[in-house]
Amino acid sequence: EVQLVESGGGLVQAGGSLRLSCAASGFTFDVDTIGWFRQAPGKEREGVSCISRSDGNTYYADSVKGRFTISSNNAKNTVFLQMNSLKPEETAVYYCAVTYGSTWYCQADHGMDYWGKGTLVTVSS
């Protein structure tokens, strides 16, 4: 029913940029938050950035503030993550996820209700 399709991953050199996209469909109007998580090899999945469909509020992990920017299209069914000044330790599978709750749930993956399959971002040193 709910479908989240990520795109935009790939290989980039340290210091470079990538723009991820998440195309969302099949959810009702009351889904509030769409965002991004990532999971590096051997590490726990962590919230990166989320945006509220209702009021535009955003969340950014401390580690990405000032470098990443989240945005959405006018229909609020596609979310983008502009990632600048990428670091090798940010190599991970990046997942799009949604929740009926607020952007607070971007801080931990247990609050998210639906997940995409992920897109791999590899940052070379």
Side-chain angles (χ1 to χ4, degrees):
E1 181 177 332
V2 174
Q3 295 185 1
L4 304 171
V5 181
E6 303 97 332
S7 62
L11 176 64
V12 64
Q13 294 182 359
S17 299
L18 284 175
R19 185 178 187 240
L20 305 182
S21 297
C22 173
S25 64
F27 55 83
T28 59
F29 67 92
D30 57 345
V31 170
D32 186 45
T33 297
I34 306 178
W36 294 93
F37 288 71
R38 66 188 177 191
Q39 187 166 29
K43 295 187 176 181
E44 297 179 356
R45 188 158 56 187
E46 63 176 346
V48 178
S49 183
C50 292
I51 187 167
S52 169
R53 297 176 69 246
S54 60
D55 59 17
N57 284 345
T58 57
Y59 164 85
Y60 295 95
D62 288 343
S63 62
V64 307
K65 288 180 179 177
R67 298 187 296 115
F68 290 13
T69 303
I70 193 167
S71 61
S72 63
N73 65 352
N74 289 337
K76 299 181 181 180
N77 59 3
T78 303
V79 172
F80 309 97
L81 185 66
Q82 178 67 44
M83 305 186 295
N84 297 329
S85 301
L86 282 161
K87 304 174 182 179
E89 58 265 36
E90 293 175 315
T91 292
V93 176
Y94 284 69
Y95 297 91
C96 183
V98 302
T99 179
Y100 297 100
S102 74
T103 56
W104 181 92
Y105 292 95
C106 200
Q107 301 179 73
D109 64 2
H110 63 266
M112 309 308 290
D113 296 299
Y114 300 97
W115 295 85
K117 294 182 179 180
T119 184
L120 177 63
V121 172
T122 302
V123 185
S124 63
S125 60

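Under the 4.5 angstrom side-chain criterion for Ile, Leu, Val, Met, Phe, Trp and Tyr, Leu11 has no cluster partners at all. Through direct or indirect side-chain contacts shorter than 4.5 Å among Ile, Leu, Val, Met, Phe, Trp and Tyr, Tyr105 is connected to Phe37, Val93, Tyr95, Trp104, Met112, Trp115, Leu120. Hydrophobic cluster membership for Val5: none, as no Ile, Leu, Val, Met, Phe, Trp or Tyr side chain comes under 4.5 Å of it.
Counting heavy atoms from C-beta on, the side chains of Trp36 and Phe80 never come closer than 4.5 Å. Using a 4.5 Å heavy-atom threshold, the side chains of Val121 and Met83 count as touching. Using a 4.5 Å heavy-atom cutoff, the side chains of Tyr60 and Thr69 are in contact. Taking 4.5 Å as the limit, every side-chain heavy atom of Leu20 sits out of range of all side-chain heavy atoms of Glu6. Side-chain contact between Leu81 and Ser49: present, with at least one pair of heavy atoms (C-beta onward) separated by less than 4.5 Å. Counting heavy atoms from C-beta on, the side chains of Val123 and Lys87 never come closer than 4.5 Å. Residues Ile70 and Val79 are in side-chain contact: their nearest non-hydrogen atoms beyond the backbone lie under 4.5 Å apart.
Under the rule for a ring pair (Phe, Tyr, Trp, His ring centres under 6.0 Å), Tyr94 has no partner lying at least two apart in sequence or in another chain. Take Arg67 and apply the salt bridge (charged side-chain N to carboxylate O under 4.0 Å, His left out) test, not counting sequence neighbours, and it matches Glu90. Every residue two or more places apart in sequence or in another chain that forms a salt bridge (charged side-chain N to carboxylate O under 4.0 Å, His left out) with Asp62 is listed here: Lys65.
Annotation: the span from Ser25 atom OG to Glu1 atom CD amounts to 10.0 Å, rounded to 0.5 Å. Remark: His110 NE2 to Arg45 CZ distance equals 12.0 Å, nearest 0.5 Å. For the atom pair SG of Cys50 and CG of Asn57, the computed distance is 11.5 Å after rounding to the nearest 0.5 Å. Expressed to the nearest 0.5 Å, how far OG of Ser54 lies from NZ of Lys76 amounts to 7.5 Å. The line from OH of Tyr114 to OG1 of Thr99 is 10.0 Å long, rounded to the nearest 0.5 Å. In this structure, CZ in Arg19 is found 12.0 Å from OG in Ser17, a value given to the nearest 0.5 Å.
Here the closest non-hydrogen pair linking Cys106 and Val48 is SG-N, 4.3 Å. Of all heavy-atom pairs spanning Pro88 and Ser125, the tightest one is CG-CB, 3.8 Å.
When the options Asp32, Thr58, Thr103 are evaluated for a side chain to side chain donor-acceptor pair (under 3.5 Å) with Ser52, the one that passes is Asp32.
Other residues, nucleotides and ligands place no more than 12 heavy atoms under 6.0 Å from the CD atom of Gln13.
Note: the hydrophobic cluster containing Val64 also contains Ile34 (ILVMFWY, side chain heavy atoms under 4.5 Å, direct or indirect links).
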